[in-house]
Amino acid sequence: MASDRNQRVWQLVACIPEGKVATYGQVAALAGLPGRSAARQVGYALSALSSDTVVPWHRVVNAKGQVSQRADPERPDHQRLLLEAEGVSFGLEGVLDLAKYRWDGET
DNA sequence: CTTGTGACTGTAC
DNA sequence: AGTACAGCCACAA
């Protein structure tokens, strides 16, 4: 059973339009998570996701514009492929242009 | 109840 | 520029 905060985060992530990405801090702020460690809680919320989750967690990236460090060890490229399929361009370092793809926070 | 860890961020050197 | 430190919250043992 997930906490309400986690569901709140998932709901927000699910609101991210295709071709856009949001940082943990961005999601945290939009989710209304108080405190300075909100980003951590967002990361934890995503970590608690199920394998059958419908949440496009791959659209959530860190402040560096890179995908999470905890991606599937078996398919680390999966997240990148999903984003590329949405029109997001990645750099050789697996970095994307946050200034261009960063979600405005509105649908 | 206490301790430890974690999908992070921001500031400082 | 890249690296290092501190902060805060939630969950598991």
Side-chain angles (χ1 to χ4, degrees):
Chain A
M1 183 55 184
S3 300
D4 296 335
R5 291 183 197 55
N6 288 26
Q7 296 226 326
R8 179 70 193 174
V9 173
W10 305 342
Q11 181 66 65
L12 187 65
V13 174
C15 284
I16 301 174
E18 296 180 13
K20 290 277 187 171
V21 297
T23 64
Y24 286 91
Q26 185 80 52
V27 174
L30 293 170
L33 292 177
R36 205 175 152 183
S37 59
R40 269 220 233 301
Q41 271 47 285
V42 173
Y44 196 90
L46 296 180
S47 70
L49 284 174
S50 304
S51 304
D52 295 353
T53 193
V54 42
V55 180
W57 61 274
H58 55 266
R59 287 183 194 152
V60 183
V61 299
N62 57 25
K64 297 176 292 251
Q66 296 184 275
V67 298
S68 304
Q69 304 176 344
R70 269 288 71 148
D72 285 305
E74 299 290 328
R75 298 196 195 288
D77 297 351
H78 190 240
Q79 182 168 10
R80 173 172 161 176
L81 291 172
L82 286 171
L83 289 171
E84 288 186 318
E86 294 183 351
V88 178
S89 301
F90 276 80
L92 299 175
E93 296 286 322
V95 184
L96 55 83
D97 192 340
L98 272 178
K100 183 176 181 179
Y101 296 111
R102 198 175 89 182
W103 181 33
D104 298 309
E106 302 186 24
T107 50

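Protein chains get the first letters and strands the later ones, always in sequence-line order, with residue 1 at the start of each. Computed from a prediction, not measured in an experiment: that's the story for all the values here.
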D104(A): salt bridge (charged side-chain N to carboxylate O under 4.0 Å, His left out) partners, not counting sequence neighbours: K20(A)
For A39(A) against G25(A), the heavy-atom pair lying closest together: CB-N, 4.3 Å
Nucleic acid contacts - residues 36-47 of chain A versus DNA chain C, non-hydrogen atoms under 4.0 Å: R36(A), S37(A), R40(A), Q41(A), Y44(A)
Leading and trailing nucleotides of DNA chain B with any atom under 4.0 Å from heavy atoms of chain A: dG6(B) to dT9(B)
Minimum heavy-atom distance between K64(A) and L98(A), given as atom pair plus value: C-CD1, 4.1 Å
R80(A) atom CZ: more than 12 heavy-atom contacts under 6.0 Å: yes
Residues from residues 83-107 of chain A lying under 4.0 Å of DNA chain B - heavy atoms: none
E84(A) CD: over 12 foreign heavy atoms closer than 6.0 Å: yes
Shortest non-hydrogen contact between P56(A) and A14(A), atoms and distance: CD-CA, 3.8 Å
Inter-residue atom distance E93(A).CD - Q66(A).CD, 0.5 Å rounding: 7.0 Å
Shared hydrophobic cluster, F90(A) / V21(A) (ILVMFWY, side-chain heavy atoms < 4.5 Å): yes
Chain A footprint on DNA chain C, 5' to 3' - any atom under 4.0 Å from a heavy atom: dG7(C) to dC11(C)
ILVMFWY clustering at 4.5 Å (side-chain atoms), partners of V9(A): W10(A), L12(A), V13(A), I16(A), Y24(A), V27(A), L30(A), L33(A), V42(A), L46(A), L49(A), V55(A), W57(A), V60(A), W103(A)
Polar side-chain atom of Y44(A) near backbone of N6(A) as donor-acceptor pair, under 3.5 Å: no
For the student: nearest non-hydrogen atoms of V67(A) and Q79(A), plus distance: CB-OE1, 3.2 Å
Spacing of CZ belonging to R102(A) relative to CD belonging to Q26(A), to within rounding of 0.5 Å: 5.0 Å
